[in-house]
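Have a look at the structure below before the remarks.
Both backbone and side-chain heavy atoms feed into the values below; hydrogens, waters and symmetry mates do not. Protein chains get the first letters and strands the later ones, always in sequence-line order, with residue 1 at the start of each. Please read these numbers as outputs of a predicted model, since none were measured by experiment.
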Amino acid sequence: MATPTLPSNDLQTVRRDVASRKVRDQLFVVVGLLALFACLLSLLVLFGKLVMDGSDRFTWEFVSSFPSRRAVHAGILAAWVGSSLVMLVTACTAVPVGVMAAIYLEEYAPKNWFTGIIEINVTNLAGVPSIVYGLLALGLFVYKFDLGQSIVTAGLTLALLILPVVIVATREAVRSVPRAIREAAYGLGATRWEVTKDHVLPYSTGGILTGMILGLSRAIGETAPLITIGALAFIAFLPTPPITDVAPYVSFTWLTDPFTVMPIQMFNWVSRPDPAFQSNAAAAGAILLGMTLLMNAVAIYIRFRFRKSINW
Amino acid sequence: METTMSTPSDSAIAGGHDAPRIAINMDGQRDVAPRNAAKARAEGLSFYYGAHRALKDINLEIPERMVTALIGPSGCGKSTFLRCFNRMHDLTPNTRYDGAIHFYPDDFNLVAKDVDPIEVRMRIGMVFQKPNPFPKSIFENVAYGLRLRGVRNRALLEEQVEAALRGAALWEEAKDRLQASALTLSGGQQQRLCIARALATRPEILLFDEPTSALDPIATAKIEELIAQLRDQVTVLIVTHNMQQAARVSDFTAFMYLGELVEVGDTSRVFTNPSKKATEDYITGRYG
Ligand SMILES: Nc1ncnc2c1ncn2[C@@H]1O[C@H](COP(=O)(O)OP(=O)(O)O)[C@@H](O)[C@H]1O
Ligand SMILES: [Mg+2]
């Protein structure tokens, strides 16, 4: 058996060695780009197809009309107003609850087996199929609390659904505040709450907002849990306006109004035999996708802004 | 002009200890015990990270308005000892103090279970190894400790922030940009800002944990000069792995090794005529 020797250091050998390793380096670049293009391309094709199929429906009338039995007169007014209001309820409940839960877990909870179990469960909740949340909401909000098949039920259901996303994102953001900053504040005599409100929360706002928007952009496309709780597909009226002209000028009756949302409206149109409705569905799909992409863009922008103002 | 600064915290601090309220005049001079009297005294102090005993039965007196340096090889427990004084270890689970650090003139035990760490930290400030300013304005960094103590009066805040920045030799550089982010300062300026932030709350002891180890020589020289001046208003306890630094800035030097206090004395005596073999080996560079 030949004794093992170290590779020689002469110019030829070194060059040959570097060249062959660089080939593998380049190879990875190609593979990586291919993978990236596969994702981007399918998204682009999908978006392009929706835009083309629905091209004749991108009109003001489409956005400002109620659904109709005749495809050319049908619009998404009830759907986008419903989606917006449901998202409002979802954001207003999931964000405070999720942020408080995450702050408690990160800053307050002792690290023991009990909090360990909670942590694992929160992470697992993110993987629960959304229709299961629908069943839970049907039993809890619709029957038990008697909230009806309403906007508030839908908002709370989707809030449950995105709660894990908000919690996980908040925890990540909170954890990225350096220990040195916490120690500086504690060192001056701050209490846990003062450290949280004066430092941890403000410095992790970017991450929290990003998590919130990513959660909402998932929720806005959810259909299954809302069908489970009994959202209507055909709604030819708007919820009660939240602002009224008599004191106290705000009204919460809209919370208990029936509703529909964009994906359900789409689903309804897709399942009709008349092909004219297919272009309605495509147009609504393109608009929904556009809304989601816009929300993601906002999330990226927020993260960028906060990264710039705070770099540790 | 004899103005005494009174914030709600003063009474909170003295609460329960029947201590005379400490009056501080504008120059930050405290009308209390004469220089050199004990400000704090560790007595049989041990400290545990879980089962690991990082400090072993330490007895050490910290004299009032003097600079005491802690030296010793890396990992010997200098930071651990320092962080007992402001109860920083309370933030780490599974840690335990044993023994006492008496704090004078009130004469209570800083590490006792029934003493609130927040109360301790309101009287004992700390400057860390790496500058850690808050990502806020320079002004807000310095004002933060006062805000915690309930100071809301804008004029008082401004006056105290200026005094603290002057005390940390940063006023001239910072006065025109008080609203700029602290992160726009250089490393040395950031560290002086951290000193100002600690000074603003008029601590009785100021702890420094290798405050210059992340700085260049010029910034280091400025901080050393500053520490030497601080001696007039506050008791200083400084950890350093740089023996020249200990020799330059301190009045007393304590040498630690493997969690124990080996030797303590006048800095000049410890460096010229150490009484223990381990100390001599360390300062002559045989290890560490
Ligand atoms: N958070 C911690 N948990 C467990 N052990 C620690 C921790 N911090 C420090 N130690 C141990 O305590 C000893 C003293 O550390 P330290 O006080 O940081 O030393 P020095 O500041 O003198 O370099 C070392 O053995 C170190 O490994
Ligand atoms: Mg250390």
May I ask you to check whether Phe134(B) and His199(A) place their ring centers less than 6.0 Å from one another? yes
Thinking salt bridges, do Glu106(A) and Arg175(A) make one under a 4.0 Å N-O criterion? yes
As an exercise: rank Gly189(A), Pro202(A), Ala190(A) by heavy-atom pairs under 4.5 Å with chain B and give me the winner. Gly189(A)
Whether Arg154(B) engages the ring of Phe139(B) as a cation-pi pair (distance to the six-membered ring centre under 6.0 angstrom, angle to the ring normal within 45°) should be assessed. yes
If I measure from the heavy atoms of chain B, does Arg182(A) come under 4.5 Å with its side chain, its backbone, both, or neither? neither
Neighbourhood of chain B inside residues 295-304 of chain A, taking heavy atoms under 4.5 Å as contact: none
Looking only at heavy atoms, which two atoms of Leu55(B) and Gly77(B) are closest? And how far apart? CD2-O, 3.5 Å
Pair Arg218(A) + Glu222(A): basic N to acidic O under 4.0 Å: yes
Counting heavy-atom pairs under 4.5 Å with chain B, which one of Arg179(A), Glu194(A), Glu183(A), Lys111(A) comes out on top? Glu183(A)
Most chain A-contacting option - heavy-atom pairs closer than 4.5 Å, from Gln129(B), Lys136(B), Met126(B): Lys136(B)
Taking all non-hydrogen atoms of both residues, which atom of Arg152(B) and which atom of Leu157(B) are closest, and how far apart? O-CD1, 4.2 Å
When you compare the side chains of Tyr97(B) and Asp90(B), does any donor N or O come within less than 3.5 Å of an acceptor on the partner? yes
Side chain, backbone, both or neither of Arg87(B) within contact of chain A (heavy atoms, under 4.5 Å): neither
Does any backbone or side-chain atom of Ile124(B) lie under 4.5 Å from a heavy atom of chain A? Answer side chain, backbone, both or neither. backbone
Parallel, tilted or perpendicular: which fits the ring planes of Tyr104(A) and Tyr108(A), with parallel below 30° and perpendicular above 60°? parallel
Would you call Arg21(A)-Asp25(A) a salt bridge at under 4.0 Å N-O? no
Chain A contacts, top residue of Leu91(B), Asp116(B), Leu207(B), Val120(B) (heavy-atom pairs, under 4.5 Å): Leu91(B)
